[in-house]
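This report refers to the structure that appears directly beneath it.
Please read these numbers as outputs of a predicted model, since none were measured by experiment.
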Amino acid sequence: MSNPILEVNNLKKYFDVKGGVFGRKVGEVKAVDDVTFTVNEGEILGIVGESGCGKSTTGKALLRLIEPTDGEVKFEDQDITQLDDEAMRKLRKDMQIIFQDPYASLNPRHTVEKIVGEPLLVHGMKSAEERKKRVKELLEVVGLRPFHASRYPHQFSGGQRQRIGIARALANNPKLIICDEPVSALDVSVQSQILNLMSDLRDEFNLTYIFIAHDLSVVKHISDRVGVMYLGKLVELADKDELYENPKHPYTQALLSAVPVADPDVIGDRVILEGDVPSPSNPPTGCPFHTRCPAAMDICSEVKPEFKEDSDQHYVACHLYD
Amino acid sequence: MSDVILELEDLHTHFFTDSGEVPAVDGVSFKVHKGEVVGVVGESGCGKSVTSLSIMQLVPSPPGRIVSGQINFKDENLAQASEKRMRQIRGNEISMIFQEPMTSLDPLFTIGNQLIEAIRMHRKMSKKEAKRKAIDMLNLVGIPRSSEVVDEYPHQLSGGMRQRVMIAMAMSCDPEVLIADEPTTALDVTIQAQILDLMRDLNKEHNTGILLITHDLGVVAEMCDRVVVMYAGQVVEEGTVREILKDPKHPYTKGLIRSLPKIHEKEQKLYSIPGTVPKVSMEQVGCRFAPRCEYAFDRCFSEDPELYDAGVERSSRCFLYDDNEEQEAGSHVESDLRS
């Protein structure tokens, strides 16, 4: 394995819940609760989980788009949670993000040239001529045409808009891109185009991705390693083939068995989970999954399981593997 | 299969907009038999939702209107039915559930209120009886603490629970056909599995015909008996679920299945259909899929293909299956397509 580009240690993000007459703090939502992982240079780390599990908050906290409550995020051996705003802004040149909704993440009043060119301007490319050239280059890289530069976002289809978002993220030759559900708003036939584009770009520019999604087959397709989140915690992390063939955590097992497969011959044994995901403002004690877990034991409701390596590079947080 | 309960015949639903007439549903025909689950699949804008809304006469009008065609439900043509008659049918003989359970429940009324309204609309029952029925229905769809939930408001329930309430409401008058428009798209996979399981049980126990509108081929594989594939307002292929997924005939279906990332297989490169879903317009000549099709030949651009037979109860809207098509042009492409 190559060297880690990003190290996340005990990352936490709690949101305060305010209430009462004086708007005092009455509780906390533990959106991300003690998450630890590393990302190696050139790899794609997938993060999956259901809505509300904290995967998007994790992505944003890594870039400090949401200020983490506690923990350490080391990018190239530098703890970025300690940086001041100015240093952080400079650093964002190397860390970019692609958002889920290509409709909402592009300013409708700006031309594509302005959208893609703005990060260049912010990071010091003052010459308009140079910027124009670079924008055209970028558009070709993501499979659009140079003449698209003068158009507005509404003139593009969803897939094309996502390409614009990718071009914007690539503008300053970043090292790490956080992709927050980049294909979930797209149709299947367009989704595969974007996934292929993203893996081509990774090879071409030696990028590192953190790929956040809820679709398990998409994550499997694109990632090298996959982490599974539940209620703000990482419950399992392993190489993707290992994780999909030999899932250890009962939640991962249930999640994988719940995915409908487009093949009438593959009707596997389905683990149907009872109930809903508990509220993160009042998470269960002990293991967060014990309320729905088919294999829950007495200890699960009392002691939080530790997230540790069970076998080679396969991390899991479950008392079954103590 | 037994008797046909719902049959669409050459349905045309057009939208009359400022920028011209848009044939959102352009000659759609298919059948639903009693107790059968029929899937309608396609990407956004292919007309699958408008088809389902047309059946219930819920297409917003203006700008939309059913221009021609028949919707035969039992012995009646719903395309011609009066609004009064439709009100008797909706929620009673044909019910519908929608994608977003939050927006389809009224936030100002309790769950019980809304269920009771639906029941009393179609059944002669006192409020008390209706409430008892409502609680029974909530039990049927697996809602815990159903006697408390009847007095709660929609915001107090989770997404999966709300969709269960919608299903309870839709099933409360024991309909013969249930139209489910993307019922699980807004839900997480583990909750989706619960809801699909529930729908399958209801289908078996009550012998309800289900028309399942979805873009997810995985859901189709789990649920459906037969599948109708739509593209740009037209049916492009029809067959049993096994035939469609294992041996797709139309190049579009084939491309769609190949472009899905498979969870059980390893592959490096995903297949992708070039281009994007076209906007439908009146002027269009030739096969709608031709510009994106790798097998397209001259005829595809100049002539509209019809639905050709491609086996027993199977059809494909593609010239490759036209028996009159010169052997030469078709044969090598077809062998290629089958390999």
Against chain B, work out which of [options] has the most heavy-atom pairs shorter than 4.5 Å and name it.
{"options": "I222(A), D241(A), V277(A)", "answer": "D241(A)"}
{"options": "V188(A), V259(A), L273(A)", "answer": "V188(A)"}
{"options": "Q160(A), H214(A), E50(A), Q193(A)", "answer": "E50(A)"}

By a 4.5 Å heavy-atom criterion (distance strictly below it), what part of [X] contacts chain A: side chain, backbone, both, or neither?
{"X": "Q192(B)", "result": "side chain"}
{"X": "V220(B)", "result": "neither"}
{"X": "P274(B)", "result": "backbone"}

**Contacting region of L195(A) [heavy-atom separation from chain B under 4.5 Å]** =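 Only the side chain of L195(A) comes within 4.5 Å of chain B.
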
Side chain, backbone, both or neither: which part of S189(A) has a heavy atom under 4.5 Å from chain B?
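Both parts, backbone and side chain.
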
Review point. Chain A: which of L187(B), D216(B), L245(B) shares the most heavy-atom pairs with it under 4.5 Å?
Key: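 Top count of heavy-atom pairs under 4.5 Å with chain A: L245(B).
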
Can you tell which of V241(B), I191(B), I257(B), L196(B) has the highest number of heavy-atom pairs within less than 4.5 Å of chain A?
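Greatest number of close heavy-atom pairs with chain A: I191(B).
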
- Message: As an exercise, state the distance from CZ of F289(B) to SG of C318(B), rounded to the nearest 0.5 Å.
- Response: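 So the gap between those two atoms works out to 9.5 Å.
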
Next on the checklist: Quick test of your reading of the model: are E152(B) and R145(B) salt-bridged, counting only N-O distances below 4.0 Å?
Outcome noted: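 A salt bridge links E152(B) with R145(B).
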
Specify whether H249(A) and F289(A) have parallel, tilted or perpendicular ring planes, treating 30° as the upper limit for parallel and 60° as the lower limit for perpendicular.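 The arrangement is tilted - the two ring planes meet at 30° to 60°.
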
Check: More than 12 heavy atoms of other residues, nucleotides or ligands under 6.0 Å from NZ of K18(A): is that the case?
Finding: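 Counting other residues, nucleotides and ligands, NZ of K18(A) stays at 12 neighbours or fewer.
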
_Any donor-acceptor N or O pair under 3.5 Å, side chains Q100(A), S184(A)_ =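 Yes, S184(A) and Q100(A) have a side-chain donor paired with an acceptor closer than 3.5 Å.
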
ask   = Is the closest side-chain donor-acceptor distance between R164(B) and Q194(B) under 3.5 Å?
value =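 Checked: R164(B)/Q194(B) side chains pair up, N/O donor to acceptor below 3.5 Å.
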
With a 6.0 Å cut-off on ring centres, are H250(B) and Y231(B) close enough?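 They do not qualify: ring centres at least 6.0 Å apart.
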
